[in-house]
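Okay, so here's the structure we're looking at.
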Amino acid sequence: MAVGKNKRLTKSKKGGRKKATDPFLKKEWYKLVAPSIFAVKDAGRTLITKTQGTKIASDGLKGRVFEMNLADLNKNEALAFRKIRLCIEDVQGYNCLMNFHGMDMTRDKLCSLIRKKQSIIEGSVDCRTTDGYTVRMFCIAFTRPQENQIKSTCYAQSAQIKAIRAKMVAVMTEVGTKGDLKSLVKELISAPIGDQIAREATCIFPIKDCYIRKVKVLKKPKFDVTELMEWHSADEKTADTGKPVEAAKEEGLAGSGGRL
C-alpha cells in the first residue's frame, strides 16, 4: 500500500464515546394552572426540554393532557371517584393555562355499582354548547327493586329500557345545549344531572345510582385568549363578599331628646 493513501490512520477513531451528561440539565419545570371553577389553582408541575434553536418549549407544552382527581382539585374526598382531564391551551411565562378536556369515572367505583339481578341502562348523546364546543356525554343507571317487593330480581323490559334511555338523552341534550362549557362543567361537578334523570325515569321503572359516567370534548372552537382568561378569572357571582350590616338603632324615651 502506498504511503499517504489511507488518510484515516493518523486521525482518531470516528464516533468516539461522548461524555455522559445528565439529561435533566437541559429541561425546565412549568407550573400547571387549573381553571378558577376548581378550588385548587396550582395543579402540579410538568417537565419540558429548554428552547433550543427552532424547537420552542411552549409549542411542545400546548396540547398536553393531564388526568387529575376531582377530590384533589376541590379538596373534597367524596368526589374521589371522578377523574378530570385538563388540556394546556396557552403558556404565559412559566405558567401553563389549562382548560377542560373531559371527565371520567374511576374503575373501582364503576365495578362497585355493577351487581347481579338488576339491569344496566346506558345512554350517550352529542351536544353543542353555546360557545361552540361539541361534547359527548355518557350516562349510566341501574334498576332497583320497588318498595315492599318480594321478588329478588328487578330486571326491566326492553321497552322500559328504551324509554329510560330516551329520558337520559333528553335531559343530557337540554343541559348540554342551554349554556356554555363552563356552566356545563359546573353542573357535572355538582352532579345534579343524575338525580334529575332518576326522578324523571321513576315513573317508568325505579332506578338508582344514575351518573354521568364519561364526558369527551370532541371539537373545540378557534383558540381565543380572552375566552381562556374567563376560565382563569375569579367568578364574581360565586365570590363570598358577606352581607351588609345594618347600623343599630338607638332606643330612647319620647321627649327626652333620645337620652334615658
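Here the shortest heavy-atom pairing between Glu230 and Lys182 reads O-NZ, 2.8 Å. Taking each heavy atom of Met172 and Met137 in turn, the nearest pair found is O-CE, 3.2 Å.
Remark: Asp104 CG to Lys216 NZ distance equals 9.0 Å, nearest 0.5 Å. Note that the CD1 atom of Ile140 and the CD1 atom of Ile197 stand 12.0 Å from one another [nearest 0.5 Å].
Cluster annotation: Ile212 and Phe38 are assigned to the same hydrophobic cluster (Ile/Leu/Val/Met/Phe/Trp/Tyr, side-chain heavy-atom contacts under 4.5 Å, transitive). In the hydrophobic clustering of this structure, Leu113 does not group with Met168; members are Ile, Leu, Val, Met, Phe, Trp, Tyr whose side-chain heavy atoms approach within less than 4.5 Å, directly or through other members.
When each of Lys83, Arg82, Met103 is tested with Leu70 by the rule side-chain contact (heavy atoms from CB on, under 4.5 Å), just one qualifies, namely Arg82. Leu86 pairs with exactly one of His101, Met68, Glu67 by the side-chain contact (heavy atoms from CB on, under 4.5 Å) rule, that one being Met68.
Side-chain atoms of Leu181 and Val135, non-hydrogen and from C-beta on, do get closer than 4.5 Å to each other. In this structure the side chain of Ile161 never reaches within 4.5 angstrom of the side chain of Phe205, judged on heavy atoms. With a 4.5 Å cut-off on side-chain heavy atoms, Phe138 and Val215 do not count as touching.
Checking side-chain atoms of Thr130 against main-chain N and O of Gly179 turns up a donor-acceptor pair under 3.5 Å. Using a distance-only test at 3.5 Å, with no hydrogens or angles considered, a donor-acceptor pair links the side chain of Ser36 to the main chain of Ser233.
Note: Tyr94 and Tyr30 have tilted aromatic rings, judged against thresholds of 30 and 60 degrees for the angle between ring planes.
Crowding of Lys41 atom NZ: a count of heavy atoms from other residues, nucleotides or ligands under 6.0 Å exceeding 12.
Aromatic pair Phe100/Tyr133: centroids not less than 6.0 angstrom apart.
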Note to self: Using the rule given for salt bridge (charged side-chain N to carboxylate O under 4.0 Å, His left out), can you reason through Lys178 versus Glu187, listing the C-alpha separation, both sets of side-chain angles and the distance that settles it, and then say yes or no?
What the structure shows: CA-CA 12 Å; Lys178 72 178 179 182; Glu187 289 201 32; 3.3 Å; yes
